[in-house]
Amino acid sequence: MKIYNTLSGKKEEFEPKEAGKVSMYVCGPTVYNLIHIGNARPMIIFDTVRRYMEYKGYDVNFVSNFTDVDDKIIKKAIEEGVDPSVISERYIEECKKDMKAMNVRPATTHPKATNEIEGMIGMIEELIAKGHAYVAKDGTVYFKTRSFREYGKLSHKNLDDLRGGNRSLLVSGEEQKEDVLDFVLWKPKKDGEPYWEAPWCEGRPGWHIECSVMSKKYLGDEIDIHAGGEDLIFPHHENEIAQSEAANGKAFARYWMHNAFLNIDNRKMSKSEGNFFTVRDISEKYDLQILRFFMLSAHYRSPLNFSADLMEAAKSGYDRIVTSVSNLDYLLENAPEREPDAAERADMEAAKGYMAKFEEAMEDDFNTADAISVIFELVKFVNTKAKEQSSQTFLQAMKKEIVTLTDLCGLIVEKEAEILDEDIEKLIQERQSARKEKNFQRADEIRDELQKQGIILEDTREGVKWKRA
RNA sequence: GGCGACAUAGCCAAGGGGUAAGGCACGGGUCUGCAACACCCUUAUCAUCGGUUCAAAUCCGAUUGUCGCCUCCA
């Protein structure tokens, strides 16, 4: 299995620290609002990575945090006149709902920053003791960036370049820093803000220290994979490396994975641009499986553009897979119980080739776009081979092939059996009678009427089928 | 200004030295009362220019264009 490692800038053969086990940390959202579709990308991507790793037999310890102490949360809490925890708890719950709808499995552990303050204080003390951090007059604790020789190794930045391009940073009121590159580990409280007791002042942690501490606590000093959006490379992940490696004296993460951004109509998504969508917004119009399918249809390291048209196209593509599986289910209802014949056995063998091709795509840095194209090739194969006379065993084998692959992508393609209302059932019966009597006008009337109710009818050789729009 | 990524058919998108996967849309068929589904057929020389090579879309260089990071935004 090859993984592109941001650290080296190359695809590397994946070798976990401990055979058979994978420790993985994914930076999670700050919970001040419903998650947006940009948040959804890493969730879907790294959930898929996790699924594939588990399929390969790894025991995956998957940790993803919720950042629940932050300026934006505090701001919202003040606006609503409630405690910040009310805000963060609310959006953690909402986030979990969205994750479920996208079929993103819960992490092994979802730590919350506010539960880990003690550990953060501990790590900050250690950094001070080792000379990697210092306390300013007002109690702010800064990380001494230049004390960590390898700073810049992840983002491949040169410290002096950073400095040259950003003199303006000094204007931001942080003149008490010894160096512009230094970043905050602990900052003093302001009025009305939540705070914790610490040796330096009452205050709260900086953003970067959270992840270093939570990763260490739940996964250990050295982990296999650390992942997140590419915007986190600098400064967030660079700072995490500095903190963790300076404190622990060990390499932090062996592989760094970063997903590219999701744009909207070719522009970066932002509230001020008016092109901001929450996952919830999308769910009002589409099954979120379609959003998932859409996200996986491009490589995770390529920028992905989102638009209404592209979602429609994704819907059509996803439906093609769902239809194929539902056709199999339909055929299975009356399929003969017999041993598969020679041709069927040959096809069952041939179908396995798709699995191999799928794996090959996933092994190559999780090329889900390629992997999905394999699913379509399989769908075509199945659509061509599955017949009314096909044996149960054969049809079941075909279905299993498709479902295995889609499961690995976290895509749900099996629609749950649903009982229609009696009234609708009656209309369908009436339409069948009308068709027999060649009263097509009445038949079409009924079909139109049902369509208005979101039921689409299809007359197949074997009988009438229906599906939800 | 510094660092970096990308440029493949109408659209989306893989591939990556030996003559271009897949999906959506379009068109033509088969099936069908019609529609839908499905199946068959049809659609590109890979931004431009130069170089390396027996051979490049694939490597190198330049140009143009788009985008990202350098601000606690995934």
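We name chains A, B, ... by the order of the sequence lines, and we start the count at 1 in each one.
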For the residue pair A/F148 and A/F143, does the interplanar ring angle fall in the parallel (under 30°), tilted (30 to 60°) or perpendicular (over 60°) class?
-> perpendicular
Please determine, for B/G68, whether a Watson-Crick or G-U wobble partner exists with both distances under 3.5 Å, and give it or none.
-> B/C3
[X] has an atom [atom1]; how far is it from atom [atom2] of [N], in whole Å?
{"X": "A/K157", "N": "B/U71", "atom1": "NZ", "atom2": "C1'", "value": "12 Å"}
{"X": "A/E377", "N": "B/C39", "atom1": "CD", "atom2": "P", "value": "13 Å"}
{"X": "A/K177", "N": "B/U71", "atom1": "NZ", "atom2": "P", "value": "9 Å"}
{"X": "A/D370", "N": "B/G22", "atom1": "CG", "atom2": "P", "value": "11 Å"}
{"X": "A/N263", "N": "B/A5", "atom1": "CG", "atom2": "C1'", "value": "13 Å"}
{"X": "A/H237", "N": "B/A74", "atom1": "NE2", "atom2": "C1'", "value": "10 Å"}
{"X": "A/D309", "N": "B/C26", "atom1": "CG", "atom2": "C1'", "value": "15 Å"}
{"X": "A/I402", "N": "B/G22", "atom1": "CD1", "atom2": "P", "value": "17 Å"}

Can you tell me how far C1' in B/G17 sits from the matching atom in B/U53, rounded to whole Å?
-> 9 Å
So what does [X] hit on the nucleic acid, given a heavy-atom distance under 4.0 Å: a base, only sugar-phosphate, or nothing?
{"X": "A/G228", "answer": "sugar-phosphate"}
{"X": "A/S302", "answer": "sugar-phosphate"}
{"X": "A/E312", "answer": "nothing"}
{"X": "A/L262", "answer": "base"}
{"X": "A/K187", "answer": "base"}
{"X": "A/F376", "answer": "sugar-phosphate"}
{"X": "A/H299", "answer": "sugar-phosphate"}

Can you check whether A/F261 stacks with the B/G68 base, using ring centres under 5.5 Å and planes within 30°?
-> no
Minimal heavy-atom distance between A/V374 and A/F358, with the atoms involved, is CG1-N, 3.9 Å
Please enumerate all protein N or O atoms sitting under 3.5 Å from an N or O of nucleotides 35-38 of chain B, with distances to 0.1 Å.
unit_1 : atom_1 : unit_2 : atom_2 : d
B/A35  : N6     : A/D459 : O      : 3.0
B/A35  : N1     : A/D459 : N      : 3.0
B/A35  : N3     : A/R447 : NH1    : 3.0
B/A36  : O2'    : A/E458 : OE2    : 3.0
B/A36  : N1     : A/D459 : O      : 3.3
B/A38  : O3'    : A/N383 : ND2    : 3.2

Test side-chain hydrogen bond (donor to acceptor under 3.5 Å, both in side chains) applied to A/E245 - qualifying residues, sequence neighbours left out | A/K153
Which one, [options], comes nearest to the side chain of [X]?
{"X": "A/L310", "options": "B/C12, B/G33, B/A14", "answer": "B/C12"}
{"X": "A/A298", "options": "B/C12, B/G33, B/A14", "answer": "B/A14"}
{"X": "A/W207", "options": "B/C72, B/C24, B/A21", "answer": "B/C72"}

Side chain A/N158 and base B/G2 donor-acceptor under 3.5 Å | no
Would you say the side chain of A/K268 and the base of B/C67 hold a donor-acceptor pair, judged only by whether the two atoms sit under 3.5 Å apart?
-> no
Would you call A/D179 and A/K144 a salt bridge, taking side-chain N to carboxylate O under 4.0 Å as the test?
-> no
Considering the options A/R204, A/K190, A/K76, which one meets the salt bridge (Lys or Arg N to Asp or Glu O under 4.0 Å) requirement together with A/D71?
-> A/R204
With no hydrogens and no angle check, is any side-chain donor or acceptor of A/R105 less than 3.5 Å from a backbone partner on A/R50?
-> no
Under 4.5 Å between any side-chain heavy atoms of A/F62 and A/I225, yes or no?
-> no
Decide salt bridge (Lys or Arg N to Asp or Glu O under 4.0 Å) for A/D365 and A/K11; before the verdict, give the C-alpha distance in whole Å, the side-chain angles of both, and the deciding distance to 0.1 Å.
-> CA-CA 7 Å; A/D365 193 29; A/K11 282 183 196 170; 5.5 Å; no
